[in-house]
Amino acid sequence: MSTFRPHDLLWLADRSALEGAGEEWVAGQWRPALPVVVRRDVEREGRIPVGIRGMRREQRAAGWANAAGVKRVVSPEALASREALLHSPFVSMPPVQGAIQLASHQWPWVWGITGSVGYALATEVPVLHAESDLDLLIRCPEPQEMETLVEWQALTARLLCRADTQIETPYGGFALAEWLREGRVLLKTSRGPVLTSNPWMPEDDV
């Protein structure tokens, strides 16, 4: 089983380790010094499903990385250290300030930063701006107390930036806001979305 999880950032040894990204801008903009991000899909014989980010918001491409060509991995949770956030070159940006606020609290789970903010923190490439969303991830191998999730959501709603939280279960990921609002969620899995009222045991809904 792969040790790479969705949202992990991967640095590849060389261009030959990346396959299948056919968009023209990829050849001009992507280089091995920049990471790709693990996406959800079914792995194919040592090939990891990844996404490639360009400098513009609309520049996103799907490809495959050769697992043997991965030389470095940075997880979303590795980017959420308060000390690291305080020393980021983007520390004055509202999304990073929001992450620092979250990192100043003790939570009963592991959480991390994804999206453009996570990419910028990991690479120091200026792909975020003052109006960027703060995309967050909470690792939840088992259900958490609803009261604490509500507390987290209330705090993110008071940040100086828009924040979205995804909960990661062993089966896939879902939006916390949707879960708190509806009690049912569209769970993103490697084989496609599943509508479920129990994202920790989605097969019960089948």
Side-chain angles (χ1 to χ4, degrees), residues 1-10 35 37-41 49-51 73-86 88 90 93-122 128 132-205:
M1 182 177 290
S2 172
T3 57
F4 305 116
R5 299 181 293 185
H7 305 289
D8 282 349
L9 293 171
L10 310 181
V37 61
V38 179
R39 60 183 174 82
R40 295 186 203 281
D41 205 333
V50 297
V73 184
V74 172
S75 67
E77 47 267 46
L79 302 171
S81 154
R82 187 173 186 274
E83 189 69 17
L85 290 167
L86 287 170
S88 165
F90 308 110
M93 294 280 196
V96 179
Q97 285 291 310
I100 291 170
Q101 282 186 253
L102 290 168
S104 300
H105 292 253
Q106 293 294 321
W107 303 101
W109 48 63
V110 175
W111 66 279
I113 303 168
T114 65
S116 60
V117 179
Y119 189 92
L121 290 171
L128 80 161
S132 292
D133 291 352
L134 176 58
D135 294 313
L136 301 160
L137 175 152
I138 294 176
R139 302 283 185 196
C140 284
E142 297 178 350
Q144 294 287 331
E145 292 288 337
M146 188 67 74
E147 196 173 298
T148 315
L149 289 170
V150 169
E151 180 185 350
W152 167 280
Q153 187 73 354
L155 178 54
T156 61
R158 296 195 299 270
L159 299 179
L160 295 176
C161 62
R162 186 175 184 274
D164 290 307
T165 302
Q166 179 159 281
I167 304 291
E168 288 285 317
T169 80
Y171 292 92
F174 66 90
L176 174 59
E178 183 183 1
W179 175 248
L180 295 177
R181 184 179 63 248
E182 307 288 344
R184 285 172 67 85
V185 290
L186 200 62
L187 183 68
K188 300 173 186 174
T189 78
S190 60
R191 298 183 180 277
V194 176
L195 184 63
T196 177
S197 57
N198 187 349
W200 287 271
M201 297 187 70
E203 68 273 14
D204 287 358
D205 287 348

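What you see below is based on every heavy atom in this structure, not just the backbone, and it leaves out hydrogens, waters and symmetry mates.
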Please report the interatomic distance [atom1]([X]) to [atom2]([Y]), rounded to the nearest 0.5 Å.
{"X": "Leu128", "Y": "Ser88", "atom1": "CG", "atom2": "OG", "result": "8.0 Å"}
{"X": "Leu136", "Y": "Thr114", "atom1": "CG", "atom2": "OG1", "result": "7.0 Å"}
{"X": "Asp133", "Y": "Leu159", "atom1": "CG", "atom2": "CG", "result": "11.5 Å"}
{"X": "Thr148", "Y": "Gln153", "atom1": "OG1", "atom2": "CD", "result": "13.0 Å"}
{"X": "Arg82", "Y": "Gln101", "atom1": "CZ", "atom2": "CD", "result": "10.5 Å"}
{"X": "Trp179", "Y": "Thr165", "atom1": "CH2", "atom2": "OG1", "result": "15.0 Å"}

Are a donor atom and an acceptor atom from the side chains of His7 and Gln166 found within less than 3.5 Å of each other?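 Indeed, the side chains of His7 and Gln166 share at least one donor-acceptor pair under 3.5 Å.
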Under a 4.5 Å cut-off applied to non-hydrogen side-chain atoms, are [X] and [Y] in contact?
{"X": "Pro141", "Y": "Thr169", "value": "no"}
{"X": "Gln97", "Y": "Leu160", "value": "no"}
{"X": "Trp109", "Y": "Ile167", "value": "no"}
{"X": "Trp152", "Y": "Leu102", "value": "yes"}

Would Met201 and Thr196 satisfy side chain to side chain contact (heavy atoms under 4.5 Å, CB included), going step by step from the backbone distance to the final call? CA-CA 9 Å; Met201 297 187 70; Thr196 177; over 6 Å; no
Salt bridge Arg40-Glu168, side-chain N to carboxylate O under 4.0 Å: yes
Minimum heavy-atom distance [X]-[Y], with the two atoms named:
{"X": "Gly98", "Y": "Leu134", "result": "C-CD2, 4.0 Å"}
{"X": "Leu79", "Y": "Ile113", "result": "O-CD1, 3.5 Å"}
{"X": "Leu85", "Y": "Ile100", "result": "CB-CG1, 3.6 Å"}
{"X": "Tyr171", "Y": "Pro199", "result": "CD1-O, 3.9 Å"}
{"X": "Phe90", "Y": "Ala120", "result": "CE1-O, 3.4 Å"}
{"X": "Pro202", "Y": "Val194", "result": "CB-CG1, 4.5 Å"}

Give a yes or no on whether the backbone of Trp111 and the side-chain of Arg139 come within a donor-acceptor separation of less than 3.5 Å. no
Is the backbone N or O of Ala163 less than 3.5 Å from a side-chain atom of Thr156, with the two atoms forming a donor-acceptor pair by type? no
